[in-house]
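Proteins come first, then strands; the chains are lettered A, B, ... in the order of their sequence lines, and each starts at number 1. As the structure is a computational prediction, the values presented were derived from the model and not from experiment.
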There are 2 protein chains.
Amino acid sequence: MYKPITLKDIALALDLSPSTVSRALRDSYEISKKTKKIVNDYAAGVNYQSNPMAAGLRSKKSKSIGIVVPDLANSFFSQAISGIESIADKEGYHTIISQTKDSYHKEIEVVNHMANRSVDGLIITMSSNTTEYTHLQQMHKSGLPIVFFDRIVDEIDTYKVICNNFESSYKAILQLIENGKKDIAFLATAPQLSISKERMNGYRAALMDQHILWRDELIKFCPSGGSDHSETEFAMKQLMALDQRPDAVFVAGDRLSMSCLRALKKLQIDSDELSIIGFSNVDLIDLLETPISHIRQRAFEMGQISMTMLLKIIEAKYPITDFDTKTIDADIFWAEHLGLDS
Amino acid sequence: MYKPITLKDIALALDLSPSTVSRALRDSYEISKKTKKIVNDYAAGVNYQSNPMAAGLRSKKSKSIGIVVPDLANSFFSQAISGIESIADKEGYHTIISQTKDSYHKEIEVVNHMANRSVDGLIITMSSNTTEYTHLQQMHKSGLPIVFFDRIVDEIDTYKVICNNFESSYKAILQLIENGKKDIAFLATAPQLSISKERMNGYRAALMDQHILWRDELIKFCPSGGSDHSETEFAMKQLMALDQRPDAVFVAGDRLSMSCLRALKKLQIDSDELSIIGFSNVDLIDLLETPISHIRQRAFEMGQISMTMLLKIIEAKYPITDFDTKTIDADIFWAEHLGLDS
DNA sequence: TTGAAAGCGCTAACAA
DNA sequence: TTGTTAGCGCTTTCAA
C-alpha cells in the first residue's frame, strides 16, 4: 500500500518533535540553522513530500490555484493557461485545470470541487450557459479570491482581465467599411456573454459612426459557439439567402470563426464574395486554404496578468476593495487579398 | 472569512452524532431512511459541501484522478482528456489536469503534487524529455494506480493504451509505395519515445517487405516535436537538398505534421513534388491549404479506455497483476489528389 | 530555540 | 440503528 514518509516519521528518526520538524521544513525563523540543516538533509534523503491535504486542512492554504475554462481544445484558452502557469511556476503555485464544456452544471461542480480542495484562488472563464452566478458569488463573499478572465461577470466585484473587445471590433469594422464593405453581418455565440455584447457594441458603434444603417437580419447567434456546425451553417445560409446579401461577416468568437469557414466551404461561398474577419487564436491560421482576416488576442499575456492579479488578492495583507478591469489590446491581421496592413 | 458549513454543524443542529451524519450523507446501509432524509434535506438546505481534503486525509480516497499530458494545445490530448472525463463524470470522479510542456522536471513536480493531493490514480503521457522513470516507479510501487497513455514506459507494469502505431504506419507506407512513391523520408520527434520507435518500426517493415532499401539520410528527428519550427525547417531543407530527393515524407508526430506543412510552405515546396502523410488529430485539417494525408488516432476512445482501465485498478478488490496493453486502431485519410480510399 | 497538546473536518472501529 | 472515540498528517498556540 501507498505509505509515504510523514513528518512524524522524520521527527521520530531525528528525535525531534513534529512541530520542530514542521517549522524547520517551512524555514521558520524560530529554528536554528543547524536543526534546519539536519531536518532538510534528512527529508531530502528520504524524499519526503509534505501532504498538502493535511497542511491545507489545518492552515487553509494550499499554494495552488484553480483554472476553469470552457474548453481546452480552444487554443485561446490553452495559450492563456500557459501564461497563467508561467507566473504560477515562478511563484511556487501549483495549478489545477478543469474544463466545463460550457455546461452550467459542470461549472458549479468543478468550482465547488476546487474550493473544497482548498485552492487559494480561482481564475475562471464562465461557461456560455451560465446566466446565474450565486455559486461564484457565495465563494467570493466567503473570501475565495477570484479573477475573471475573458468572459466576465459584472455582478461580482473583483479583478477582471479581458481583451479590448469593443475597440478591436470597432477598428475591424471601420477598416472593412473603409475598404468598401457595406453590408457587414455579425455572427456571435451566446448573446448573454460579455464578449458577445462588447463585440457587438464595437460593431454597432462603427456602423453608426460611418452612417451605415443597422440591419437586424444581419445579426446571427450560434449559442453552441461553433461546436454544432449545423447551427453555423444554418445561420450562414440564412445570411446568404437575403435579398441584400452581406459582403462581409464579422465573427465574434474563436471557435465560431473556424466553424464559419467550414460552413462557407460547404456552401461553396468564395472569399471574394464574402470577406470574413473573426476572432481567432488558432495556431494554424497561416496554413488555411481560405485567407481569413483575424483578431488575435494576446492570450498568453492575458493569462499572465490574470495570475498576477490573483496573487495580488491572495497575498494581500488587507482585503482589497479597489478592483479594476484590465483591458489588453488585441492584434488585427488582415488577409492579404484585402491588401491592408495589420 | 471563508467558513463553510461542516458536518459537525449539521450534527449539532440536528442533534445527531457526526458519524451518523457522515454515514447518512454517504448513504450508508446502517442508517434509517428517515434519518437519511432529515440529514440530506438539511444539508441541501444549508448548501453543505463536504470537504474532500478532510475526507481524503482520513479515508485515503478522493474520488478524483490526475491527468498529466505534455501539452494542452495539442488537439490529440485535449480530445483524449474529453474521453477520460466522459467516463470519469459518469462514475463520479473528478479530474485534475496538468501539462508538463515536455519538461522532465515539471513532470516530476506535477506527479508528486497530484500524488500528495491524494488522487486515486493517474493517467499519464510521458514528457518527451523523460528518460528516467524512478519518480513514477516509486509511486507505482507504493500502490498508486497508473495508466500510461500514448507514450508508454516498458519498465513499469500496468495498463497501457496506445494507438496501433506499428500497423497504421506500416499501412500508410505500404499505400504510398503502391502509389509509386519510392523515396519516403521519415520525420519523427524524440527518438527515445515509444511512439517514435513503434512508428519507425512500421516504416522499416513496410520498406523491407516491399524490397526498398533503407536510407539513413532519409531519417530525421526533431526533438522539439515541432514547437521549434526552425528545427523542422532545417530537417526538411536537408532532405530536399539530397541528390536523391524524397518523393514523400512520413511524419510520425502530431504537432510535427503541422510544423512540416509550415516548413514546406516556407520552402515553397509543392505537394505534387512531395507527398506528405502524418499523424494528426487537428480539427481544422479539412480547412488547410495543402491537402495532407493523415493518420488520425481515436483520441476520445483512447481516453475512455484509459479511464476504464484506471477504474479497474482503483476499484479492484485484490491487486491486479495481469496487465495488458490496449492497442486502438487509427484511421488513415488520404488526401484527395492521391486518389486513394481511406 | 524547542516541545506538548489541541484540533482542522472527516471517517471508521468499536460499543451500545 | 446510532453514538463514542480515536486519529488521518499537519500546523499552531502556548508553555518550557
Side-chain angles (χ1 to χ4, degrees), chain A residues 1-40 43 46-64 112-113 115-118 120 142-143, chain B residues 1-40 42-43 46-64 112-113 115-120 142-143:
Chain A
M1 270 293 75
Y2 193 53
K3 183 74 189 113
I5 310 256
T6 72
L7 187 146
K8 243 188 209 163
D9 296 334
I10 302 182
L12 217 63
L14 261 38
D15 202 27
L16 287 166
S17 77
S19 35
T20 305
V21 176
S22 166
R23 279 185 279 240
L25 253 19
R26 275 172 305 125
D27 201 27
S28 162
Y29 67 96
E30 310 166 276
I31 303 294
S32 72
K33 272 213 173 125
K34 210 177 92 194
T35 312
K36 275 186 194 166
K37 188 165 164 33
I38 296 175
V39 171
N40 282 302
V46 296
N47 191 28
Y48 167 75
Q49 301 283 344
S50 106
N51 179 334
M53 308 201 63
L57 186 58
R58 190 70 233 259
S59 69
K60 312 254 176 216
K61 292 222 170 311
S62 64
K63 276 271 180 181
S64 66
N112 280 331
H113 182 237
N116 285 327
R117 286 226 145 203
S118 289
D120 295 345
S142 317
Chain B
M1 269 294 76
Y2 193 53
K3 184 73 188 114
I5 309 257
T6 71
L7 187 146
K8 245 189 207 160
D9 297 334
I10 301 182
L12 217 63
L14 261 38
D15 201 27
L16 287 166
S17 79
S19 38
T20 305
V21 176
S22 167
R23 280 185 278 237
L25 254 17
R26 275 172 304 127
D27 201 27
S28 162
Y29 67 97
E30 309 166 275
I31 302 295
S32 70
K33 272 212 175 129
K34 210 177 90 194
T35 311
K36 274 186 194 166
K37 188 165 163 35
I38 296 176
V39 171
N40 282 303
Y42 183 84
V46 297
N47 190 27
Y48 167 76
Q49 300 284 343
S50 107
N51 179 335
M53 307 201 63
L57 187 58
R58 187 70 233 259
S59 67
K60 310 255 178 212
K61 293 220 172 310
S62 63
K63 277 273 179 180
S64 67
N112 279 332
H113 181 238
N116 285 327
R117 286 227 145 204
S118 290
V119 291
D120 295 345
S142 317

Between [N] atom [atom2] and [X] atom [atom1], what is the distance in whole Å?
X: A:D9; N: D:dG9; atom1: CG; atom2: P; value: 8 Å
X: B:L25; N: D:dT2; atom1: CG; atom2: C1'; value: 15 Å
X: A:L12; N: C:dG3; atom1: CG; atom2: C1'; value: 14 Å

> salt bridge (Lys or Arg N to Asp or Glu O under 4.0 Å) with B:K36: which residues, sequence neighbours excluded?
Replying inline: B:D27
> Excluding sequence neighbours, so at least two apart, what forms salt bridge (Lys or Arg N to Asp or Glu O under 4.0 Å) with A:K37?
Replying inline: A:D41
Partner residues of [X] under the side-chain hydrogen bond (donor to acceptor under 3.5 Å, both in side chains) criterion, sequence neighbours left out:
X: B:D15; result: none
X: B:N51; result: none
X: A:N112; result: none

>> Test of understanding: with side chain to side chain contact (heavy atoms under 4.5 Å, CB included), list the residues that count as partners of A:R58, not counting sequence neighbours.
In response: none
> Can you name the residues that form a side chain to side chain contact (heavy atoms under 4.5 Å, CB included) with A:T20, not counting sequence neighbours?
Replying inline: A:L16, A:S17, A:I31, A:T35
>> Quick one, B:V21 and B:Y42 - any side-chain contact, counting heavy atoms below 4.5 Å?
In response: no
>> With each end axis built from five pairs of C1' atoms, what bend angle do you get for the helix from C:dT1-D:dA16 to C:dA16-D:dT1? Round to 10°.
In response: 40°
>> Is A:T35 close enough to C:dT1 that one of its side-chain N or O atoms is under 4.0 Å from OP1 or OP2 there?
In response: no
> If the sugar-phosphate is the primed atoms plus P, OP1 and OP2 and the base is the rest, what is the B/S/- string for nucleotides 10-16 of chain D, using protein heavy atoms under 4.0 Å?
Replying inline: BBBB---
